[in-house]
Amino acid sequence: MADNARAKRLADLIREVVAKKLQRGIKDPRLGTHVTITDTRVTGDLREATVFYTVYGDDEQRAEAAAGLESAKGVLRSAVGAAAGVKFTPTLTFVADALPDNAKTIEDLLDRARQSDEKVRETSAGATFAGGADPYRKSEDATDAAASDDGEDETDGDA
């Protein structure tokens, strides 16, 4: 079992090699310049690597890019093996990264929250306070209330 630092270094190397090879070495028109390698993870035994990627485009272009990556898997693994110099070159698995979809979902939620805040702001524009601008007692009010309470207690005691 390899240590985590070695697995991380190998993952970084795989990410760089695959990105460069996709940019310069693969002539598949399905891949083009709209595929971006976002992350790479290697198992602890350095036998398998998962490469996360995003595709700039619609669902059809994403499907074409996935097919292109699957067909170029052997060439990319050979390039990784030549660059890494390890005894066993890890097998590559390509997974579409869900980061752009998650980011869009978060943006939509934030837009809805902004719209809701704007509605609340519009509703409260002409509103006034229910119990006055400052509903808390001041120190003067507290001393007056304490003095009146003391007087009431004496009166109650006499009766």
Practice prompt. Not counting sequence neighbours, list each pair that qualifies as a salt bridge (charged side-chain N to carboxylate O under 4.0 Å, His left out) and has a residue in residues 114-126.
Written response: D111-R114, E118-R121

Worksheet, complete the sentence: Tightest non-hydrogen contact, residues V35 and A65, listed as CG2-CB, 3.9 Å

Fill in: side-chain hydrogen bond (donor to acceptor under 3.5 Å, both in side chains) partners of residues 49-62, not counting sequence neighbours, each pair once
D59-R62

Discussion item. With clusters defined by side-chain heavy atoms of hydrophobic residues (ILVMFWY) lying less than 4.5 Å apart, directly or transitively, does V55 cluster with F52?
Written reply: no

Response to the item:
Heavy atoms of A49 and V42 approach each other most closely as CB-CG2, 4.1 Å

Atom pairs and distances, donor-acceptor, side-chain atoms in residues 15-22, under 3.5 Å, two or more places apart:
residue : atom : partner : partner atom : Å
R15     : NH1  : D12     : OD1          : 3.2

Fill in: Check: R6 and V86 side chains under 4.5 Å, non-hydrogen atoms
yes

Side-chain donor/acceptor pairs under 3.5 Å, residues 67-77, sequence neighbours excluded:
residue : atom : partner : partner atom : Å
E70     : OE1  : K73     : NZ           : 3.1
E70     : OE2  : K73     : NZ           : 3.4
S71     : OG   : R30     : NH2          : 3.0
S71     : OG   : G68     : O            : 2.9
K73     : NZ   : L92     : O            : 3.4
R77     : NE   : T89     : O            : 3.3
R77     : NE   : P90     : O            : 3.2
R77     : NH2  : T89     : O            : 2.6

Fill in: Remaining members of the apolar cluster that contains F88, side-chain heavy atoms under 4.5 Å
none

Fill in: Results of side chain to side chain donor-acceptor pair (under 3.5 Å) for R9 - residues two or more places apart only
none

Discussion item. Under a 4.0 Å threshold between the charged nitrogen and the carboxylate oxygen, would D108 count as salt-bridged to K104?
Written reply: yes

